[in-house]
Amino acid sequence: MAKSIRSVLSPLLLISSMCGLRIIEFSAGHPKLWFSLLYIPLLWSVYCFLVIDKGISYIPEESADYIIYVSLNIFTVLLSILLGIYHDKKFRNCLKKLAVVDDTLKKLGSKTDYEKLTRRTVWIILGWFVIVLLLNFCDYIRWYDMHDALSSICATLILNYCSDINIIDDLIFASILGYLGLKFDQVNEHLYKLTTENIRGIKVWENPVLHSQQAKLSNVPSSKHITWIVIHLHLELQKLSHEINSIFEIQMTWKMVCYFGFIAEFHRELYTAIFVRNYVPNKRILFVIIIILWLTWYISRVILINYMCEKVSAKANTTGKVISKILYFSYDEEIRENILQFLLQVTQAPLRFCGLRFFQFGYKFLYRYSESILTLAIILIQADRFKHALKNYS
């Protein structure tokens with residue numbers, strides 16, 4: 001039975017380890033460093049040999065942009081591996097701290113349906129697997145025109161392997177963000193309960209020793225204690241969010257750069273397939289569908305990351321609005337002072353997910369990102385039209 005964030009993420013972590021993206025763990029919390037340092041280089045050495053020997057030879061000479069596409073995906077995978085090994089200990093510590101936060105919320109009465117979260121992770125993996133099969137089948141049809149069936153299958157699997165597994169880190173990052181959002185919701189729920197209760201009746205014992213002894217005997221924390229605990233839980237979740245951002249920000253920033261180029265190039269290819277190339281009608285429709293599928297696949301990745309970052313940031317920053325209401329109900333000077341200090345900290349340093357301090361993930365970045373992609377796509381289309389015009393003229 002799943003009881004922690006690690007258990008919820010275990011299917012994704014297992015697939016990531018099998019694909020050679022991170023250090024292998026035969027049991028939770030027990031990484032096999034030396035085995036991983038043998039397995040990962042061996043796996044990727046074999047893969048690079050297959051790409052050079054079998055994969056690139058199937059790419060037409062005029063498709064130099066596709067070689068760049070494959071190379072960028074390979075570099076992205078290698079970057080993810082290096083960063084995954086470097087941040088492995090920090091990543092495992094973050095999961096442990098999240099488990100401690102979850103245990104504290106559980107003692108306060110919050111319940112987390114881990115079975116539901118685990119099933120959602122399994123469905124995400126199944127969805128990823130189905131989409132990968134569909135995209136590889138589409139590319140297989142494209143290679144089948146130039147090679148036999150077995151060669152086309154091999155070329156498709158080899159050339160698309162890095163593109164297929166690059167999203168695993170995206171899914172892990174998004175799943176952790178979703179879990180953090182759930183914890184922020186539970187924190188806000190406790191604060192909301194405190195605002196709806198009759199806090200005017202809170203009495204503060206003059207003797208703190210007597211206060212702690214009576215709290216132990218009753219085994220029921222006072223509103224003062226709950227407020228103090230919830231504030232510290234929120235600060236800990238905010239700290240963990242920054243640590244998770246620091247673990248993934250380099251590869252996420254690099255992926256945003258790569259996706260930027262990929263999406264713009266797919267727009268150019270879509271325009272070329274519809275208006276420029278002289279395809280047979282059925283073949284034109286097939287190629288347009290394939291390009292749209294790949295375009296949708298990369299756009300969905302960009303939307304997923306920015307949506308999750310925006311969602312978690314909004315939930316974390318909502319806590320300040322909820323807890324400020326307690327000031328109107330509490331006459332305890334200590335509670336009011338702690339709340340004011342917390343509000344000052346939240347106001348001065350709101351939760352943000354950034355990409356190497358160059359930009360902030362969220363809806364605003366997504367809007368500017370889309371504008372820039374359309375601008376680049378128009379430039380590429382115009383350059384392509386100019387190139388074809390020169391070729392026809394000559």
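Only a predicted model underlies this, so the values are computations on that prediction, with no experimental measurement involved. All values below were derived from every heavy atom in this structure, side-chain atoms included, with hydrogens, water molecules and symmetry-related copies excluded.
Under the 3.5 Å distance criterion, the side-chain polar atoms of His234 are matched with a main-chain donor or acceptor of Ala316. Not a single donor-acceptor pair under 3.5 Å links the side chain of Ser110 to the backbone N or O of Lys106. Checked by atom type and distance alone, the side chain of Trp128 pairs as donor or acceptor with a backbone atom of Asp164 at under 3.5 Å. Ser16 places no side-chain N or O within donor-acceptor distance of the main-chain N or O of Leu12, the cut-off being under 3.5 Å. Side chain of Glu310 to main chain of Tyr363: a donor-acceptor pair is present (N/O by atom type, distance under 3.5 Å, no hydrogens or angles). Glu249 places a side-chain N or O within donor-acceptor distance of the main-chain N or O of Leu356, the cut-off being under 3.5 Å. Although no hydrogens or angles enter the test, the distance criterion places a donor-acceptor pair under 3.5 Å between the side chain of Tyr47 and the main chain of Ile158. At distances below 3.5 Å, at least one donor-acceptor pair connects side-chain atoms of Thr121 with backbone N or O atoms of Leu117.
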>> The test is side chain to side chain donor-acceptor pair (under 3.5 Å); show your working for Ser17 and Arg22 and say whether it passes.
In response: CA-CA 5 Å; Ser17 300; Arg22 63 175 57 249; 5.4 Å; no
> Do Ile378 and Gln382 pass the side-chain contact (heavy atoms from CB on, under 4.5 Å) test, and can you show the C-alpha distance, the side-chain angles, and the key distance before you say yes or no?
Replying inline: CA-CA 6 Å; Ile378 292 172; Gln382 293 296 331; 4.3 Å; yes
>> Checking Cys162 against Thr76 for the side-chain contact (heavy atoms from CB on, under 4.5 Å) test, could you report, in this order, the C-alpha distance in whole Å, the side-chain angles of both residues, the deciding distance, and whether it holds?
In response: CA-CA 8 Å; Cys162 289; Thr76 303; over 6 Å; no
>> Apply ring-ring contact (aromatic ring centres under 6.0 Å, His included) to residues Phe359 and Phe361 and explain how you reach the verdict.
In response: CA-CA 7 Å; Phe359 56 85; Phe361 289 107; 5.0 Å; yes
>> Run Thr104 and Glu236 through side chain to side chain donor-acceptor pair (under 3.5 Å) and show every step you take.
In response: CA-CA 12 Å; Thr104 306; Glu236 183 65 21; over 6 Å; no
> Does the side-chain contact (heavy atoms from CB on, under 4.5 Å) test come out yes or no for Phe358 and Phe365, once each step is laid out?
Replying inline: CA-CA 11 Å; Phe358 294 138; Phe365 168 75; over 6 Å; no
> So Ile291 and His267, side-chain contact (heavy atoms from CB on, under 4.5 Å) or not? Walk me through it.
Replying inline: CA-CA 8 Å; Ile291 295 170; His267 275 96; over 6 Å; no
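No more than 12 heavy atoms of other residues, nucleotides or ligands lie within 6.0 Å of NZ in Lys364, so this atom counts as exposed by the packing criterion. Remark: Phe260 CZ is packed, more than 12 non-hydrogen atoms of other residues, nucleotides or ligands lying under 6.0 Å away.
The minimum heavy-atom distance linking Ile5 with Leu95 is given by the pair CG2-O, 3.7 Å. Minimum interatomic distance between Leu171 and Leu304 (heavy atoms only, all atoms of both residues): CD2-CD2, 4.1 Å. Scanning all heavy atoms of the two residues, the minimum distance from Tyr69 to Ser163 falls at OH-OG, 3.1 Å. Between Ala273 and Arg284, the closest heavy-atom pair is O-NH1, 2.8 Å. The shortest non-hydrogen separation linking Ala264 to Leu376 is CB-CD2, 3.6 Å. Nearest heavy-atom pair across Ser241 and Phe353 is O-CE2, 3.7 Å.
Side-chain contact between Leu177 and Ile305: absent, with no pair of heavy atoms (C-beta onward) separated by less than 4.5 Å. Annotation: side chain of Leu351 is in contact with side chain of His242 (closest heavy-atom distance under 4.5 Å). Contact check for Lys255 versus Asp169: side-chain heavy atoms found under the 4.5 Å cut-off. No side-chain heavy atom of Ile165 sits less than 4.5 Å from a side-chain heavy atom of Ile15. Using a 4.5 Å heavy-atom cutoff, the side chains of Asn73 and Phe262 are in contact. Within the 4.5 Å cutoff, no side-chain heavy atoms of Lys107 are placed close to those of Ile229. Side-chain contact between Ile289 and Cys138 is absent, with no heavy atoms from C-beta onward closer than 4.5 Å. Side-chain contact between Met256 and Asn306 is present, with heavy atoms from C-beta onward closer than 4.5 Å.
No option in Ile74, Ile81, Leu79 other than Ile81 meets the side-chain contact (heavy atoms from CB on, under 4.5 Å) test with Val77.
Cluster annotation: Val100 is not connected to Ile231 through the hydrophobic network of ILVMFWY side chains, with a link wherever side-chain heavy atoms come within less than 4.5 Å. By the criterion of side-chain heavy atoms lying less than 4.5 angstrom apart, applied directly or through intervening Ile, Leu, Val, Met, Phe, Trp or Tyr residues, Val46 is grouped together with Leu78 in one hydrophobic cluster. The hydrophobic cluster containing Leu14 does not contain Val132, counting ILVMFWY residues as joined when their side-chain heavy atoms lie under 4.5 angstrom apart, directly or transitively. By the criterion of side-chain heavy atoms lying less than 4.5 angstrom apart, applied directly or through intervening Ile, Leu, Val, Met, Phe, Trp or Tyr residues, Phe49 is grouped together with Leu157 in one hydrophobic cluster. No single ILVMFWY cluster, assembled from side-chain heavy atoms under 4.5 Å apart, contains both Ile23 and Met18.
Taking the six-membered ring where tryptophan is involved, the planes of Phe248 and Phe173 are tilted, since the angle between them lies from 30° to 60°.
Salt bridge status for Asp88 with Arg92: present, with a side-chain N to carboxylate O gap under 4.0 Å. Between Glu265 and Arg268 there is a salt bridge, since a side-chain N of the basic residue sits under 4.0 Å from a carboxylate O of the acidic one. Salt-bridge annotation for Glu243 and Lys97: present, with a side-chain N of the basic residue lying under 4.0 Å from a carboxylate O of the acidic one.
Interatomic distance, Leu133 CG to Tyr140 OH, rounded to the nearest 0.5 Å: 14.0 Å. Taken from CG in Leu135 to OG1 in Thr296, the straight-line distance is 9.5 Å, to the nearest 0.5 Å. Annotation: the span from Thr156 atom OG1 to Ile153 atom CD1 amounts to 8.0 Å, rounded to 0.5 Å. The distance from atom CG of Asn166 to atom CZ of Phe75, rounded to the nearest 0.5 Å, is 11.5 Å. Atom CG of Leu105 is separated from atom CG of Leu237 by 7.0 Å, given to the nearest 0.5 angstrom. The structure places CD1 of Ile247 at 4.0 Å from SG of Cys94, a figure rounded to the nearest 0.5 Å.
Geometric assessment of Arg301 against the ring of Tyr298 yields a positive cation-pi assignment under the 6.0 Å and 45° thresholds. Cation-pi geometry between Lys183 and Tyr179 is met: under 6.0 angstrom from the ring centre, within 45 degrees of the axis.
A side-chain donor from one of Gln186 and Thr112 sits under 3.5 Å from a side-chain acceptor of the other.
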